[in-house]
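As a basis for the values below, the full set of heavy atoms in this structure was taken, side chains included, without hydrogen atoms, waters or symmetry mates. Everything quoted here is computed from the prediction, not taken from an experiment. Convention: sequence-line order gives letters A, B, ...; per-chain numbering from 1.
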Protein chains: 2
Amino acid sequence: MTQVQILSRNQQIVLDIIEKAKGPLKAYSILFNVQKKGINAPQQIYRALDKLIEMGKIHKIESKNAFVACRSSDCEISKATAFSICESCEMVDEISDAKLSKYLSSFNHKKGMKFKRFNLEFFGLCKKCK
Amino acid sequence: MTQVQILSRNQQIVLDIIEKAKGPLKAYSILFNVQKKGINAPQQIYRALDKLIEMGKIHKIESKNAFVACRSSDCEISKATAFSICESCEMVDEISDAKLSKYLSSFNHKKGMKFKRFNLEFFGLCKKCK
DNA sequence: TTAATAAACGTTATATTATAACACTATGTT
DNA sequence: AACATAGTGTTATAATATAACGTTTATTAA
Ligand SMILES: [Zn+2]
Ligand SMILES: [Zn+2]
Ligand SMILES: [Zn+2]
Ligand SMILES: [Zn+2]
């Protein structure tokens, strides 16, 4: 019974912007885009971002300090994320590959760690930029 | 014929600190540690860090904005990096697993990207913290 | 060896990313 | 109503990173 998540006003505003964007968005660029809607401070953005990440609605691209909407509906609360990132045009694409995900999820480091989560970022040139 | 890399003064100072550290170091914590050696500005740290990363002597842990020394001598110029990160004690351990590395290096995203590089970060609890 | 080129350095200033702290408001439960 | 929880708005500040400029040192090649 997956309950429909109800978003707060600010969360919805921030999510809308990220979902409409063609590429990853930075927190302060989101902020500038929503000032007309009465959001004035970074805190309001970062709070919304945190919650949206928790819910798995968006992901943070760590190497870019930027945020993208989750495109894979089966992406279980951001526990296993993979992205391809173009080093030329900055395009980011979420990778949903069941085999990859399974392979990594079952990977256990020898030294005694049991992983709860991973994030994988591939870098290269996209089709367009190649 | 792998030539011995000669490091500049500042690069050597920064590398020494990172290599001696038990865990990942932040740029500004490196800075505070080397002020006695006459390094006064963030630029000097960041420049050294950039070069050391290029050389594959250190890696950046993207999710922490912190830097660790490379422990795997065969880590080819930071093209294929994987880490395990403890969410409790902040410990970071570089993973050298030939199979994993091979698997990921040969992974090609469907949408036409040919990857040059990847970075993988696993999160969980280390032996000690479990 | 000297001129040219590239790499590293030192410094000041500034941009970018992120969090702390506090008072207030809305919402749902007992 | 009393309480707890989540969200909001705001001001201030911390932490991370780069721009720009001029100088110095090392490397190369004429
Ligand atoms: Zn996702
Ligand atoms: Zn591209
Ligand atoms: Zn390495
Ligand atoms: Zn630990």
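- Remark: Asn40(A) is not in phosphate contact with dT11(D), judged by side-chain N or O atoms under 4.0 Å from OP1 or OP2.
- Here dT11(C) is the nucleotide among dT11(C), dT18(D), dT11(D) with the atom lying nearest to any side-chain atom of Ala41(B).
- When heavy atoms are screened at a 4.0 angstrom cut-off, Lys60(B) is found touching the sugar-phosphate backbone but no base atom.
- Scanning all heavy atoms of the two residues, the minimum distance from Arg71(B) to Ile18(B) falls at NH2-O, 4.4 Å.
- Contact annotation: Asn65(A) side-chain N/O to dA18(C) OP1/OP2 distance is under 4.0 Å.
- Within 3.5 Å, no donor on the side chain of Gln11(B) pairs with an acceptor on the base of dA8(C), nor the reverse.
- Regarding contacts with the backbone of dG10(C), a side-chain N or O of Gln44(B) is found under 4.0 angstrom from either OP1 or OP2.
- If Lys51(A) and Arg47(B) are placed on DNA chain D by their nearest nucleotide, the residue sitting closer to the 5' end is Lys51(A).
- What separates CG of Asp50(B) from P of dT18(D) is a distance of 7 Å, to the nearest Å.
- Whole-Å rounding puts the Glu62(A) CD to dA18(C) C1' distance at 13 Å.
- Looking at Phe83(B), Phe122(B), Phe123(B) one by one, the single match for ring-ring contact (aromatic ring centres under 6.0 Å, His included) with Phe115(A) turns out to be Phe122(B).
- Counted by atom type alone, Asp16(B) and Gln12(B) present one or more donor-acceptor pairs between their side chains at under 3.5 Å.
- Proximity of Ser8(A) to the phosphate of dT8(D): a side-chain N or O atom is located under 4.0 Å from OP1 or OP2.
- Stacking of Tyr28(A) onto the six-membered ring of dT17(C) is present: less than 5.5 angstrom between centres, less than 30° between planes.
- One atom, CG of Leu7(A), and another, C1' of dT8(D), lie 16 Å apart when rounded to the nearest Å.
- For the pair Lys64(B) and Ala48(A), both in contact range of DNA chain D, the more 5′-proximal nearest nucleotide belongs to Ala48(A).
- Between the side chain of Glu121(B) and the backbone N or O of Glu62(B), at least one donor-acceptor pair lies under 3.5 Å.
- In this structure, Ile30(B) atom CD1 and dA15(D) atom C1' are separated by 14 Å, rounded to whole Å.
- The side chain of Lys26(B) contributes no N or O atom lying less than 4.0 Å from OP1 or OP2 of dA15(D).
- Side-chain atoms of Leu52(B) and Val14(B), non-hydrogen and from C-beta on, do get closer than 4.5 Å to each other.
- An OP1 or OP2 oxygen of dT18(D) is reached within less than 4.0 angstrom by no side-chain nitrogen or oxygen of Tyr46(B).
- The separation between Ile45(B) atom CD1 and dT18(D) atom C1' is 15 Å, rounded to whole Å.
- Rounded to whole Å, atom C1' of dT19(C) lies 15 Å from atom CD1 of Ile53(A).
- Straight-line distance from the CZ atom of Phe32(A) to the C1' atom of dT16(C): 9 Å, rounded to whole Å.
- Taking atom CG on Leu31(B) and atom P on dT18(D), their separation rounds to 15 Å, with Å as the unit.
- Exactly one of Val92(B), Ile85(B), Asn119(B) qualifies for a side chain to side chain contact (heavy atoms under 4.5 Å, CB included) with Ser63(B). That residue is Ile85(B).
- Remark: the Gln43(A) side chain and the dA20(C) base include a donor-acceptor N/O pair separated by less than 3.5 Å.
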